[in-house]
Amino acid sequence: YTIRTPSSLITLATCNLNQWALDFDGNVQRILTSCRIAKDQHASYRLGPELEICGYGCEDHFLEQDTFDHCWESLIQLLEEGASDGLLCDFGMPVLHAGVRYNCRVICYNRKVLLIRPKTAMADNGNYREGRYFTAYSVPSNGASEEKHLLPTNFASRFGQRDVPFGLHHITCADGTTIGCESCEELWTPQASHIDLALRGVEIIGNGSGSHHELRKLSTRMELMINATRKCGGVYLYSNQRGCDGSRTYYDGCAMIVVNGRIVAQAPQFDVHDVHVISATVDLDDVRSYRASQPSFGIQAARLATDEGGGDSNSLLCDDIHLVFDPLDMSLSGKSRPKVADEDLTLQIAAPEEECCLGPACWLWDFLRRSGAAGFFLPLSGGADSSSVAAIVAVMCILVTKAARDDPEGNVAQDCRRVCRQDENSLWVPTTPQEMGNHVLHTTFMGTDNSSEVTKSRAKRLGDAIGSYHLSIKIDLMVSAVLQVFQLATGHMPRFLSRGGTMSEDLALQNIQARLRMVTAYLMAQLLPWVRGRSGFLLVLGSANVDEGLRGYMTKYDCSSADLNPIGAISKGDLKRMLLFLSKKYPDFDVLAEIANAPPTAELRPIDAATATAEAGHSQTDEDDMGMTYEELGYFGRLRKISRCGPVSMFRKLLVTWNHLSPSEVASKVKRFFYYYSLNRHKMTTITPAYHAEAYSPDDNRFDLRQFLYNTRWTRQFAVIDDMVAEHPETDKDKND
């Protein structure tokens with residue numbers, strides 16, 4: 001006779017969710033939507049992002065008891081509305097256990113909490129501050145294998161459950177399926193949780209994450225998950241937030257399912273939709289066979305079992321849960337169930353120039369629709385920086401218009417109607433991105449006698465291409481009025497350096513132009529909707545790039561002061577590559593190539609016809625003013641922040657990198673950078689909130705925590721550099737020969 005082998009087929013789902021910190025009602029609805037879609041795809045397990053119930057970016061609100069109470073209220077609502085009915089749900093939320101705050105995974109099925117699994121490693125680098133809010137969990141020192149968490153009384157009264165296991169357990173179902181958790185930072189640690197889980201026989205590992213976008217970071221994150229299952233075997237599900245949840249970071253989604261090192265499903269990295277669910281049908285026998293084929297894996301797994309006396313005290317047996325399905329049962333094999341993946345998917349990763357426009361575009365859309373604003377105002381100079389911001393808004397309009405036209409009744413279309421001040425009961429959607437651009441983007445060229453016709457023309461042509469409501473004005477009357485007030489008060493009238501003045505006078509005359517543009521920008525932002533017969537206000541967009549912030553090449557409280565800055569953590573080089581990319585991708589934006597290839601200029605000094613170039617349209621250029629190139633600033637920024645270099649160690653590294661220069665030349669460049677960096681560091685304390693994109697961002701708010709009052713002479717550091725240069729005088733001679 002024959003014995004029929006039980007099925008090993010299972011359908012699993014994971015998701016990107018655009019959660020918003022403290023938006024408990026909205027977060028619940030997005031979670032419910034993801035659970036409903038997972039069920040429609042016949043999934044029996046659904047994984048959600050880290051801290052999805054409250055939103056990852058609650059920050060110091062995690063110190064408030066209200067946040068924990070509201071999370072339990074939300075979990076109750078999720079269970080009462082059937083999120084876990086017939087679906088094993090892995091939710092992310094904070095839990096206060098025995099007086100300690102933990103970042104947890106909460107596993108639920110059929111309106112019962114099966115397990116609360118706390119995170120064991122906190123993310124505390126860069127923008128992350130998890131150690132400020134949560135404690136990393138460790139197994140009790142008394143060796144107890146099981147702790148119990150007492151559930152809230154209102155939970156017990158509704159579901160008849162008083163407590164739940166708390167700790168580093170995994171779930172073992174009646175059909176033999178095993179599911180464990182690894183939470184975000186744990187994947188990045190030397191002793192990653194998935195290694196222990198795999199050796200214990202866990203076949204499915206869910207990683208609910210809160211990972212934000214950073215240029216060129218995604219490939220590293222994805223490779224960790226691919227290599228985890230390539231080495232240990234298994235099914236690895238990754239879920240992430242996607243969107244702006246209320247701060248400078250943008251969570252870049254890219255939910256993924258990997259089986260034995262093979263990608264079988266991947267969600268988009270950037271999108272304007274709030275919920276995106278992916279699923280895959282997996283044969284767990286593939287995992288078992290893969291592991292059994294590796295003798296070294298079997299040896300280590302057997303050793304672990306022997307060391308623990310042959311049992312697995314971390315396993316929680318749930319003998320009423322069946323997650324696999326019988327392919328012969330036609331009621332369980334609907335057309336919407338994904339097929340067993342038999343081909344590897346190619347990992348989809350955007351090029352850096354695409355990341356530069358797509359990430360900030362989606363970030364701006366979240367800010368715009370959630371702030372209640374009627375659009376943006378941008379001072380458009382015709383230079384690369386402000387044009388990059390305009391182009392990013394144009395990309396936002398392209399994404400939103402497509403999504404709205406694809407589904408005129410969907411959430412994106414509804415938000416679009418509200419932002420554009422259209423009848424929310426209608427099915428209006430913009431016919432073109434330019435039509436939406438005219439509703440939401442207001443640009444103004446604010447010229448003076450020092451501005452060129454070249455940049456004025458570029459600003460006008462770009463405004464026309466993207467559909468913005470564009471004005472060209474001159475602010476000389478304002479500049480003259482302020483200077484006359486100064487003259488009346490002091491009896492002196494400042495002059496530019498080229499006209500007999502001092503450097504102090506010259507800088508003051510440049511700065512007053514820049515600062516008056518900021519004042520004008522906010523006036524326009526408040527009144528242009530009224531001028532156009534519309535309601536609401538505009539968010540002012542800034543356009544200072546990361547290199548200018550690092551060097552301090554900006555006027556404090558000028559047009560770099562705004563409500564938001566989508567390029568504040570993007571380098572000039574990446575912005576130029578983005579402009580060239582967009583000029584090729586969208587032929588209507590061909591003016592962007594001209595802008596990208598033009599020398600950057602502030603246009604704050606009088607034009608010197610003898611030195612002005614046709615490309616720049618002006619005699620003043622940024623790199624001449626700064627005394628260093630944007631490429632050099634990129635080196636300085638990466639070494640200072642990413643490589644954690646002070647002046648001396650930076651000098652040592654650049655001696656090798658810039659071996660075409662003499663040591664004295666390298667020393668001069670390094671000292672010049674640190675002088676201006678420290679002199680202008682105070683500007684970072686008031687910098688406009690900027691989209692976080694670059695790992696060497698000097699954002700003082702929470703990413704780059706350093707003083708802003710320096711000894712700009714760097715006496716000890718520069719003296720060491722001078723001694724090192726003096727030790728190699730012959731090198732200087734050789735380099736100069």
Holding to side-chain contact (heavy atoms from CB on, under 4.5 Å), I want the full list of residues that pass it with [X], two or more places apart in sequence or in another chain.
X      : answer
Glu186 : Arg117, Lys119, Thr120, Ala121, Glu182, Ser183, Ser193
Thr172 : His170, Thr178, Ser315, Leu317
Asn260 : Asp286, Val287, Tyr290
Asn227 : Glu223, Arg230

With a 4.5 Å cut-off on side-chain heavy atoms, are [Y] and [X] touching?
X      : Y      : result
Asp175 : Leu323 : yes
Tyr109 : Leu87  : no
Val546 : Ile570 : no
Val258 : Val264 : no
Met122 : Thr135 : no
Ile10  : Ile204 : yes
Ile205 : Leu237 : no

>> Tell me whether the count of non-hydrogen atoms from other residues, nucleotides or ligands lying under 6.0 Å of CD in Gln65 goes above 12.
In response: yes
>> Other residues, nucleotides and ligands only: do more than 12 of their heavy atoms fall within 6.0 Å of NZ on Lys112?
In response: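 Counting neighbours around NZ of Lys112, 12 or fewer heavy atoms of other residues, nucleotides or ligands fall under 6.0 Å, so no.
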> Residues two or more places apart in sequence or in another chain: which of them pass ring pair (Phe, Tyr, Trp, His ring centres under 6.0 Å) with His692?
Replying inline: His212, Phe703
>> Going by the rule ring pair (Phe, Tyr, Trp, His ring centres under 6.0 Å), which residues pair with Trp363 if we only count those two or more places apart in sequence or in a different chain?
In response: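 Trp363 satisfies ring pair (Phe, Tyr, Trp, His ring centres under 6.0 Å) with Phe367, Tyr691 once adjacent residues are dropped.
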> Picking from Thr14, Ile263, Asn207, what satisfies side-chain contact (heavy atoms from CB on, under 4.5 Å) with Met256?
Replying inline: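 The side-chain contact (heavy atoms from CB on, under 4.5 Å) with Met256 is passed solely by Ile263 among Thr14, Ile263, Asn207.
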> Would the Tyr137 and Tyr102 ring centres measure less than 6.0 Å apart?
Replying inline: yes
>> Once salt bridge (charged side-chain N to carboxylate O under 4.0 Å, His left out) is applied, what residue pairs with a partner in residues 161-174 remain, sequence neighbours excluded?
In response: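 Qualifying pairs, neighbours excluded: none.
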>> Quick test of your reading: applying salt bridge (charged side-chain N to carboxylate O under 4.0 Å, His left out), list the pairs with at least one residue in residues 92-103, sequence neighbours left out, ordered by first then second residue.
In response: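 For residues 92-103: none.
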> What closest approach, in Å, do Glu185 and Ala123 show between heavy atoms, and which atom pair accounts for it?
Replying inline: OE1-CB, 3.6 Å
>> Tell me whether Asp90 is salt-bridged to Arg46, with the criterion being a basic N under 4.0 Å from an acidic carboxylate O.
In response: no
> Between Glu59 and Arg129, is there a side-chain N and carboxylate O pair less than 4.0 Å apart?
Replying inline: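 So Glu59 does not pair with Arg129 through a salt bridge.
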>> Listing request: all ring-ring contact (aromatic ring centres under 6.0 Å, His included) pairs with a residue in residues 77-101, at least two apart in sequence or in separate chains.
In response: His97-His149, His97-Phe166
> What ring-ring contact (aromatic ring centres under 6.0 Å, His included) pairs are there with at least one residue in residues 17-37, not counting sequence neighbours?
Replying inline: Phe24-His70
Side-chain atoms of residues 266-273: list all donor-acceptor pairs with protein atoms under 3.5 Å, sequence neighbours left out, distances to 0.1 Å.
residue, atom, partner, partner atom, Å
Gln266, OE1, Gln348, N, 3.0
Gln266, NE2, Gln348, O, 2.8
Gln269, NE2, Asp252, OD2, 2.9

> Stepwise, does the salt bridge (charged side-chain N to carboxylate O under 4.0 Å, His left out) test hold for Asp23 with Arg30?
Replying inline: CA-CA 11 Å; Asp23 180 27; Arg30 287 181 282 273; 2.9 Å; yes
>> Once salt bridge (Lys or Arg N to Asp or Glu O under 4.0 Å) is applied, do any residues pair with Asp283, and if so which ones, sequence neighbours excluded?
In response: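 Counting only residues at least two positions away or on another chain, Asp283 forms no salt bridge (Lys or Arg N to Asp or Glu O under 4.0 Å).
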